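What you are looking at is a predicted structure, and each value in this text was computed from that prediction instead of being measured.
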Amino acid sequence: MEEVKLFIFTYFAALLGVLPPGLVNMTVAKTCVDKGKQSGIFVALGSTLIVFFQALVAILMAKYIFTHPYVRTMLLRAGLVIFVILAIYFFIQGRNSENKKIKTAKKHRTKSFLKGSTIALLNVFPIPYFVVLSTLFNAQGGYDYGMLSIILFSTAAASGSFSSLYIYVVFFMKIEKHTQKFAKYSNYFMAGLMVLLIIVALIRMYFTA
């Protein structure tokens, strides 16, 4: 029964945690607009695989990470550097593609899957989030879980993340006729999103220092 509660709790926590616009879900949305629904789904699947391992690492290392603020700060610093690089990249991409006509690219499943995996791998924020989730659910205040609980936690985190990403796929495909402006300025939008995430990272670093 406790395992079922853990799964449900983690599933919805992961789903709600991914719903706000972020690096991964907006990459899925951008891929849907540029390359179609199938490519977007494979980006989501690639991201979900990484989320599974991020959750696995988080619950296995929860005690160490949670009791060492320095480790959490280093994760945030790594995320900050990545977001700065991505912000510059998307801004340059936006400048280069400003006068180019938007075309629908041919679908490449493997490429989209690897793209999703890479983007999720660059996004280190979920690890501290899953660390907090794993400690909140443990009523005894400890950090030790059995193997079944660890697998269920990681699976629930991945499932919840995929469900949230799939919502983005469905939403952006439903408004397909109205996404030309998003497609045209998507790189600028992503650059702006990276700036927002940089600010969030700086705030988190300040309060965890």
Side-chain angles (χ1 to χ4, degrees), residues 10-11 13-32 34-35 38-62 64-66 68 70-93 107-134 150-151 153-169 186-187 189-191 193-198 200-202 204-205:
T10 307
Y11 174 86
L15 188 151
L16 294 174
V18 180
L19 271 181
L23 174 60
V24 177
N25 46 29
M26 294 314 298
T27 299
V28 170
K30 185 176 183 297
T31 303
C32 286
D34 292 342
K35 300 182 180 180
Q38 191 178 67
S39 292
I41 290 175
F42 273 91
V43 171
L45 287 172
S47 302
T48 301
L49 178 65
I50 298 302
V51 168
F52 176 86
F53 288 107
Q54 286 176 329
L56 188 64
V57 169
I59 195 170
L60 289 175
M61 299 184 64
Y64 181 79
I65 296 175
F66 197 77
H68 289 75
Y70 174 77
V71 177
R72 283 180 287 163
T73 301
M74 290 306 295
L75 285 172
L76 289 173
R77 287 179 179 176
L80 180 64
V81 172
I82 290 169
F83 291 145
V84 169
I85 294 172
L86 289 175
I88 296 171
Y89 168 78
F90 284 121
F91 181 77
I92 294 173
Q93 285 291 102
K107 299 171 184 176
H108 296 287
R109 296 179 181 181
T110 303
K111 186 176 179 180
S112 296
F113 186 87
L114 291 175
K115 179 181 180 181
S117 300
T118 302
I119 291 296
L121 198 60
L122 292 175
N123 186 28
V124 296
F125 277 6
I127 296 178
Y129 180 67
F130 290 136
V131 167
V132 173
L133 284 184
S134 66
I150 291 173
I151 297 300
F153 179 85
S154 303
T155 303
S159 300
S161 298
F162 179 78
S163 297
S164 188
L165 294 175
Y166 191 75
I167 290 172
Y168 272 80
V169 172
S186 59
N187 286 305
F189 181 87
M190 293 296 286
L193 179 62
M194 292 307 103
V195 173
L196 179 62
L197 292 176
I198 289 169
V200 171
L202 288 171
R204 288 186 179 180
M205 286 172 61

Donor-acceptor pair, side chain of [X] and main chain of [Y], under 3.5 angstrom:
X	Y	result
Asn25	Val18	yes
Gln54	Ala157	no
Thr31	Gly40	no

Qualifying residues under side chain to side chain contact (heavy atoms under 4.5 Å, CB included), relative to [X], sequence neighbours excluded:
X	answer
Thr48	Ala158, Phe162, Leu165
Ile151	Met147, Thr155
Leu49	Phe53, Phe113

*Of all residues at least two apart in sequence or in a different chain, which pass the side chain to side chain donor-acceptor pair (under 3.5 Å) check with Ser163?*
Tyr11
*Between Gly116 and Ser47, what is the shortest heavy-atom contact and its length?*
O-OG, 3.0 Å
*Identify the two heavy atoms, one from Ala14 and one from Ala156, that lie closest to each other, and give their separation to 0.1 Å.*
CB-O, 4.4 Å
First locate atom [atom1] of [X], then atom [atom2] of [Y], and finally report the distance between them rounded to the nearest 0.5 Å.
X	Y	atom1	atom2	answer
Leu16	Ser164	CG	OG	8.0 Å
Thr10	Phe130	OG1	CZ	8.5 Å
Ser154	Leu60	OG	CG	7.0 Å
Thr27	Tyr168	OG1	OH	11.0 Å

*Got Asn123 and Ile119 here, is their nearest side-chain heavy-atom distance under 4.5 Å?*
no
*Between Phe42 and Lys115, is a side-chain contact (heavy atoms from CB on, under 4.5 Å) present by the stated rule, with each step listed?*
CA-CA 9 Å; Phe42 273 91; Lys115 179 181 180 181; over 6 Å; no
